[in-house]
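Some notes on the structure that comes next.
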Amino acid sequence: MKPWHKTMAAVLCSGAVLMASGVGADPVQASGTQSQAFAPVVLLQPEQNIPFTIQFVDGFVAKVTNTKTKATSTVDISDNKATYVKQGIYHANGKLQKATDGYTQKLAELVPFRDAQGNLRYMGKQTLYGLNTEDRLAVATSVWNIVDKKPQLLQVTVQKADWDNVPSPDVRINSGFNMGSDSTFVLDTKYADVTGDNIKDHIFLIGDKMGVSMNQTAHNLRLVVREGKNNQQLSTPVGKRDSGILPKLTITDGNADQVKDILVTMPTATGHVYSQLTWKENRLQPVVEQEKLNDRQAYQPVIGVYGEAVGMNKAKKQ
């Protein structure tokens, strides 16, 4: 067992933060991604949970209230209106027939990431449910900073989720991964159908690093797809450029073939490197060769709210 994999939920400050441990072309978009801070996954205390109330209201809408701040938002829940009507919760015209409350997943941990400006931040995710765990309504995303070893909440957003870009329920980020090396960790995960068989797969981004801090360069980055239909696993290198600090995954469809692709963002000290792979002939293959994908004369990344690429667009010819 690795020294850092012992039971080390070490308190960093009184009742505040716990460290979570577990078993061709030039790079672009240079930003401050230097590894100046120790940044493991952070386990929160129960009092740091963000509580919400969820009430179904007229119009196939859920009213979501943050009970700490009293901030409210609404979510369109009409995707599941057939079930609601069948169960007598709504009339067919959207008029609420029976008072119904949803419930929220508790916030237990924060995962470090680099935002679009290169700042080290921590992200929490909470799924908001309606009738049961199959009735997913939205996701509350919270962004935090760690100051003097204490978590400080910066913002909370509640919105309908892209359900292809939720974490795998089977494997925790920053847990060890058995690949014959004591230094291989899970760096990011997704749960989506990437093999085109309409069964969700588990996608893991794994790499080699020293210890539980995630804010360091991870090397030998590989994608692991665990097929949902049979639990078979296949590991594939992300490309010749295979290192990054806090690398991230995004599920997208880069070639419009109706099969979801895997886009990898790899921040480095000098810029960002990208890889995009798709399932073809029972294995992962590049949508575009990595060298060409990182040629800014050929492709431009579409950067999401939280700093990761969410798509790659062909560059406009001058």
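Scope of the values below: all heavy atoms of this structure, side chains included, with no hydrogens, waters or symmetry mates. In this chain, numbering begins with 1 at the start of the sequence shown.
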Worked verdict on Asp208 versus Arg222 for salt bridge (Lys or Arg N to Asp or Glu O under 4.0 Å): CA-CA 10 Å; Asp208 300 336; Arg222 289 146 285 171; 3.1 Å; yes

Kindly say whether [Y] contributes a backbone atom to a donor-acceptor pair with the side chain of [X] at under 3.5 angstrom?
X: Thr265; Y: Ala309; value: yes
X: Gln276; Y: Val264; value: no
X: Gln285; Y: Lys280; value: yes
X: Asp201; Y: Val225; value: no
X: Asn66; Y: Ala71; value: no
X: Asp257; Y: Val259; value: yes
X: Gln300; Y: Lys314; value: no
X: Thr268; Y: Gly244; value: no
X: Asp242; Y: Val238; value: no
X: Thr100; Y: Lys98; value: yes

Evaluation steps, side chain to side chain contact (heavy atoms under 4.5 Å, CB included), between Arg172 and Thr189: CA-CA 8 Å; Arg172 292 182 62 183; Thr189 72; over 6 Å; no

Could you tell me if the ring centre of Tyr90 sits under 6.0 Å from that of Phe60?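 Yes; Phe60 has its ring centre under 6.0 Å from that of Tyr90.
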
Determine, using ring centers only, whether Tyr103 and Phe52 are less than 6.0 Å apart.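 For Phe52 and Tyr103, the ring centres are not under 6.0 Å apart.
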
According to a hydrophobic-cluster definition based on side-chain heavy atoms being under 4.5 Å apart (Ile, Leu, Val, Met, Phe, Trp, Tyr only), do [X] and [Y] belong together?
X: Leu128; Y: Leu153; result: yes
X: Ile251; Y: Leu187; result: yes
X: Val143; Y: Leu120; result: no
X: Ile146; Y: Ile50; result: yes
X: Met266; Y: Tyr306; result: no

Between the side chains of [X] and [Y], does any donor sit under 3.5 Å from an acceptor?
X: Lys209; Y: Asn174; result: yes
X: Asn165; Y: Asp162; result: yes
X: Asp197; Y: Thr195; result: yes

With a 4.5 Å cut-off on side-chain heavy atoms, are [Y] and [X] touching?
X: Thr252; Y: Val310; answer: no
X: Pro237; Y: Leu221; answer: no
X: His91; Y: Val85; answer: no
X: Pro167; Y: Tyr191; answer: no
X: Tyr84; Y: Ile77; answer: yes
X: Leu131; Y: Thr83; answer: yes
X: Asn119; Y: Asn145; answer: no
X: Lys190; Y: Asp164; answer: no

Is [X] atom [atom1] crowded by more than 12 heavy atoms from other residues, nucleotides or ligands, each under 6.0 Å away?
X: Lys68; atom1: NZ; answer: yes
X: Lys125; atom1: NZ; answer: yes
X: Glu289; atom1: CD; answer: no
X: Asn93; atom1: CG; answer: yes
X: Lys160; atom1: NZ; answer: yes

Output the distance between atom [atom1] ([X]) and atom [atom2] ([Y]), rounded to the nearest 0.5 Å.
X: Asp253; Y: Asp261; atom1: CG; atom2: CG; answer: 5.0 Å
X: Arg283; Y: Thr278; atom1: CZ; atom2: OG1; answer: 11.5 Å
X: Asn80; Y: Glu134; atom1: CG; atom2: CD; answer: 10.5 Å
X: Lys260; Y: Thr250; atom1: NZ; atom2: OG1; answer: 12.0 Å
X: Glu227; Y: His202; atom1: CD; atom2: NE2; answer: 11.5 Å
X: Gln159; Y: Ser73; atom1: CD; atom2: OG; answer: 9.5 Å

What are the two closest non-hydrogen atoms of [X] and [Y], and how far apart are they?
X: Ala62; Y: Ile54; result: CB-CG2, 4.1 Å
X: Ser142; Y: Trp144; result: OG-NE1, 2.8 Å
X: Ala39; Y: Ser213; result: N-OG, 3.1 Å
X: Ala116; Y: Ile303; result: CB-CG2, 4.5 Å
X: Pro51; Y: Thr67; result: CG-OG1, 2.9 Å
X: Phe204; Y: Gln233; result: CE1-OE1, 4.2 Å

Test side chain to side chain contact (heavy atoms under 4.5 Å, CB included) on Tyr122 and Val111 and set out the steps. CA-CA 5 Å; Tyr122 293 77; Val111 176; over 6 Å; no

Determine, stepwise, if the pair Leu96 / Phe56 fulfils side chain to side chain contact (heavy atoms under 4.5 Å, CB included). CA-CA 8 Å; Leu96 187 67; Phe56 285 26; 4.0 Å; yes

Does Glu308 come within less than 4.0 Å of Arg114, counting only side-chain N to carboxylate O?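 Between Arg114 and Glu308 there is no salt bridge, as every charged N stays at least 4.0 Å from the carboxylate O atoms.
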
Residues Arg136, Asp79: salt bridge by 4.0 Å N-O rule: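 Salt bridge flag = no for Asp79 with Arg136.
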
Could you walk me through whether Thr141 and Met123 pass side chain to side chain contact (heavy atoms under 4.5 Å, CB included), step by step? CA-CA 7 Å; Thr141 302; Met123 182 183 297; 3.9 Å; yes

Criterion side chain to side chain contact (heavy atoms under 4.5 Å, CB included) against Trp279, the qualifying member of Ile262, Leu234, Asp193: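 Looking at Ile262, Leu234, Asp193, the match for Trp279 under the side chain to side chain contact (heavy atoms under 4.5 Å, CB included) is Leu234.
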
